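First the structure, in the form of structure tokens, and then the observations on it.
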Amino acid sequence: MAAPMELSCWGGDWGLPSLHPESLTVMAYARFSGAPLTVNTVNNSWRAPKGDLPVLVSEDIVISQPAKILNFLRKQKYNADYHLSAKQGADTLAYIALLEEKLLPALLHTFWIEAENYCSVTKPWFASKIAFPLSLYLPGKMSREALNRILLTKGGPPLYSLTEVEAQIYRDAKECLNLLSKRLGTSQFFFGDTPTTLDAFVFGFLAPIYKVCFPRVQLQEHLKQLPNLCRFCDDILTCYFRLTVSGHAPAGQDTADANLQKLTQLVTKESNLIEKMDDNLRKSPQHPPRKLTTLKLAAGGEESNPMSRLSP
Amino acid sequence: AAEPWPENAALYQQLKEEQILLSDNASSLAVQAFLQMCNLPIRVICRPNAEYMSPSGKVPFIHVGNQVVSELGPIVQFVKAKGHSLSDGLDEVQKAEMKAYMELVNNMLLTAELYLQWCDDVTVEEITHPRYGSPYPWPLNRILSYQKQWEVRRKMKAIGWAGKTLEQVLEDVDQCCHALSQRLGTQPYFFNKQPTELDALVFGHLFTILTTQLITDELSEKVKNYSNLTAFCRRIEQQYFEGHEKDSSTIAARSSKRSLLR
């Protein structure tokens with residue numbers, strides 16, 4: 001239990017600790033169960049991205065898939081599910097299967113296959129996190145794998161073209177979101193008041209859809225119509241990830257903060273200048289009052305005081 | 001969709017004795033159970049080229065009136081459009097649960113069956129290749145079965161199952177059966193009094209696993225560990241298949257690779 005555990009995974013943006021659904025699931029579970037993980041986000045290092053993140057390293061053991069990582073954490077006594085009944089455990093497994101079958105293809109499509117999303121958001125973001133030569137190859141490879149997976153699992157007849165497959169997977173995904181929303185209802189987490197494995201998986205899949213700003217967002221719009229799921233994601237982010245959110249401020253907020261700082265600096269500089277000017281004006285104030293008095297005297301009796309004007 | 005169910009509705013699958021494989025048999029039995037539960041009569045017709053006749057390439061498919069529908073999901077919707085449904089009495093949360101459990105069975109049990117048939121070399125050599133191509137002459141039988149094997153292996157690789165060992169696959173089956181057993185508990189059906197399409201699906205897969213003889217008995221042992229699941233299968237078999245099973249009692253030949261649960 002005392003062995004230090006290190007998790008390597010993709011980093012985050014747009015308010016999320018990670019953009020990758022599986023990495024997010026593992027991070028969320030670690031937070032729920034209180035496991036002390038040091039999280040290494042992948043950025044510009046050669047060693048890490050072998051394409052198979054997230055990876056947990058603990059002493060000599062290396063584990064790579066989320067289900068196996070969660071099993072390992074449970075064996076180390078970091079169990080978020082101990083209060084669940086056996087039936088609820090069975091439900092967990094069933095809902096995870098539902099997520100993988102119905103929601104994951106659409107998620108992969110939105111990230112990796114939809115041309116506008118891929119070219120303007122996904123590829124640049126991932127490429128910026130990987131070291132140079134690999135960054136030209138790895139995003140393309142991940143995109144091809146995603147397309148392959150979708151076509152092989154969903155693309156058989158009677159769906160003969162990619163557009164038909166896309167229509168089907170988005171229909172399935174919307175239905176899945178509706179089912180999740182009905183199952184969640186008004187409770188805070190899926191099984192009562194404490195989060196469990198299922199909450200980690202649902203959060204891992206929903207949060208990227210909810211937060212990442214894509215040009216083509218039909219799934220996000222559908223999700224936003226299900227307010228209890230949005231509230232669920234926001235709750236987990238604020239309660240369990242608040243340290244990460246303030247520590248790794250995402251790019252959007254960063255620039256806003258920087259702008260704000262510059263603005264306040266300018267304002268303070270200006271107000272300083274104004275104060276200085278004020279001081280200057282007060283320090284060399286003799287001229288205006290004397291001018292006024294001489295004017296008055298002049299106005300009063302010009303011919304009587306020609307001398308006084310000449311000797312201020 | 002408003003027409004009544006015709007008398008000559010037919011379900012097509014591959015040849016029962018020589019050709020059909022574990023996963024296809026499971027799917028076919030699931031559909032038959034579902035239709036029995038809805039009280040809709042159907043004849044089972046065995047054709048060697050059933051897979052090619054099917055609109056989606058998968059068996060079984062049903063031919064009703066002048067429509068052809070394949071696979072359990074679309075068949076359930078088609079039957080619902082005709083006015084028969086088993087899951088109307090469920091509320092929204094229960095329907096969500098039912099769909100989730102059906103995905104679990106498809107995701108784990110069906111994939112495990114496919115893995116065992118097509119990715120485990122011993123089973124492939126001794127059972128799958130001979131059975132799959134049996135109606136065709138050489139070399140067509142070898143070509144067709146290699147083609148199918150390549151296709152299934154590609155799919156396994158895409159979803160990440162290609163790297164699993166047989167023990168891991170059996171572990172997954174065990175986990176799935178454990179979940180199903182927990183959910184069933186002591187109830188007669190998954191959603192208490194009435195059977196639903198989930199019961200049909202689970203019955204199809206578990207019954208086939210229990211009654212098909214493979215190289216080893218490990219797969220059926222995993223299911224037999226859960227007594228409420230075996231009791232569930234027996235109950236559905238007795239209730240819905242008593243009349244139809246009489247022809248399978250005449251099968252005694254070992255070469256048919258089938259043993260009965262009696």
Side-chain angles (χ1 to χ4, degrees), chain A residues 22 51-52 64-68 71 84-105 108 144-160 164 168 171-172 175-187 190 198 201-202, chain B residues 51-52 54-58 61 68-71 73-74 90-111 151-164 168 171-172 174-187 190 198 202:
Chain A
E22 295 170 348
D52 225 19
S64 66
Q65 282 167 1
K68 290 187 194 157
N71 268 340
L84 290 184
S85 71
K87 179 178 170 309
Q88 287 172 324
D91 281 350
T92 302
L93 219 56
Y95 277 102
I96 292 175
L98 185 70
L99 284 175
E100 279 181 8
E101 273 295 309
K102 299 280 179 188
L103 191 55
L104 184 62
L108 287 176
R144 276 193 299 274
E145 274 175 7
L147 183 62
N148 209 18
R149 184 181 175 139
I150 292 183
L151 286 181
L152 283 179
T153 49
K154 301 278 172 190
L159 303 169
Y160 287 104
E164 287 176 27
Q168 177 66 32
R171 265 202 298 272
D172 282 343
E175 197 195 314
C176 179
L177 289 176
N178 292 343
L179 290 176
L180 285 175
S181 179
K182 288 192 188 114
R183 174 64 182 77
L184 182 61
T186 49
S187 52
F190 276 91
L198 180 59
F201 269 90
V202 174
Chain B
E51 223 179 350
Y52 302 103
S54 157
S56 74
K58 298 204 171 73
F61 66 94
V68 181
V69 189
S70 68
E71 293 188 76
L90 301 179
D91 65 34
E92 293 295 341
V93 173
Q94 284 177 318
K95 276 192 189 153
E97 247 183 69
M98 183 183 78
K99 292 215 162 79
Y101 274 96
M102 286 175 77
E103 286 308 324
L104 179 67
V105 172
N106 276 330
N107 207 353
M108 288 222 172
L109 279 185
L110 182 60
T111 321
E151 211 181 282
V152 172
R153 284 198 180 179
R154 260 181 86 197
K155 184 175 158 184
M156 291 288 150
K157 202 160 154 222
I159 59 176
W161 277 59
K164 290 199 181 183
Q168 285 170 334
E171 264 291 315
D172 285 340
D174 191 45
Q175 225 185 17
C176 180
C177 291
H178 183 77
L180 289 172
S181 174
Q182 294 295 340
R183 179 66 182 81
L184 183 64
T186 49
Q187 298 168 327
F190 277 92
L198 175 61
V202 172

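Proteins come first, then strands; the chains are lettered A, B, ... in the order of their sequence lines, and each starts at number 1. What's counted below: heavy atoms across the whole structure, side chains too, no hydrogens, waters or symmetry copies. Source: prediction; values computed, not measured.
Put simply, CZ on B:Arg154 and CG on A:Leu152 are 4.5 Å apart, with the number rounded to the nearest 0.5 Å. Rounding to the nearest 0.5 Å places CG of A:Asn148 at 12.5 Å from NZ of B:Lys155.
Heavy atoms only, all atoms of each residue included: A:Ala90 and B:Gln182 are closest at CB-CB, 4.1 Å. Residue B:Asn107 comes nearest to A:Glu100 through the heavy atom pair ND2-OE1, 3.7 Å, listed as atom of the first residue, atom of the second, then distance. A pairwise comparison of heavy atoms in A:Leu93 and B:Leu104 identifies O-CD1, 3.7 Å as the closest pair. Between A:Arg183 and B:Val93, the shortest heavy-atom contact is CD-CG1, 3.9 Å. Heavy-atom minimum distance, B:Lys99 versus A:Leu98: O-CD1, 4.1 Å.
Only the side chain of A:Glu175 has a heavy atom closer than 4.5 Å to any heavy atom of chain B.
Taking B:Glu51 as the reference, B:Lys148 meet the salt bridge (Lys or Arg N to Asp or Glu O under 4.0 Å) condition, with sequence neighbours excluded.
Screening residues 85-96 of chain A for salt bridge (charged side-chain N to carboxylate O under 4.0 Å, His left out), with sequence neighbours left out, gives A:Lys87-A:Asp91, A:Lys87-B:Glu97.
Annotation for B:Lys164: atom NZ counts as buried by contact number, over 12 foreign heavy atoms lying within 6.0 Å.
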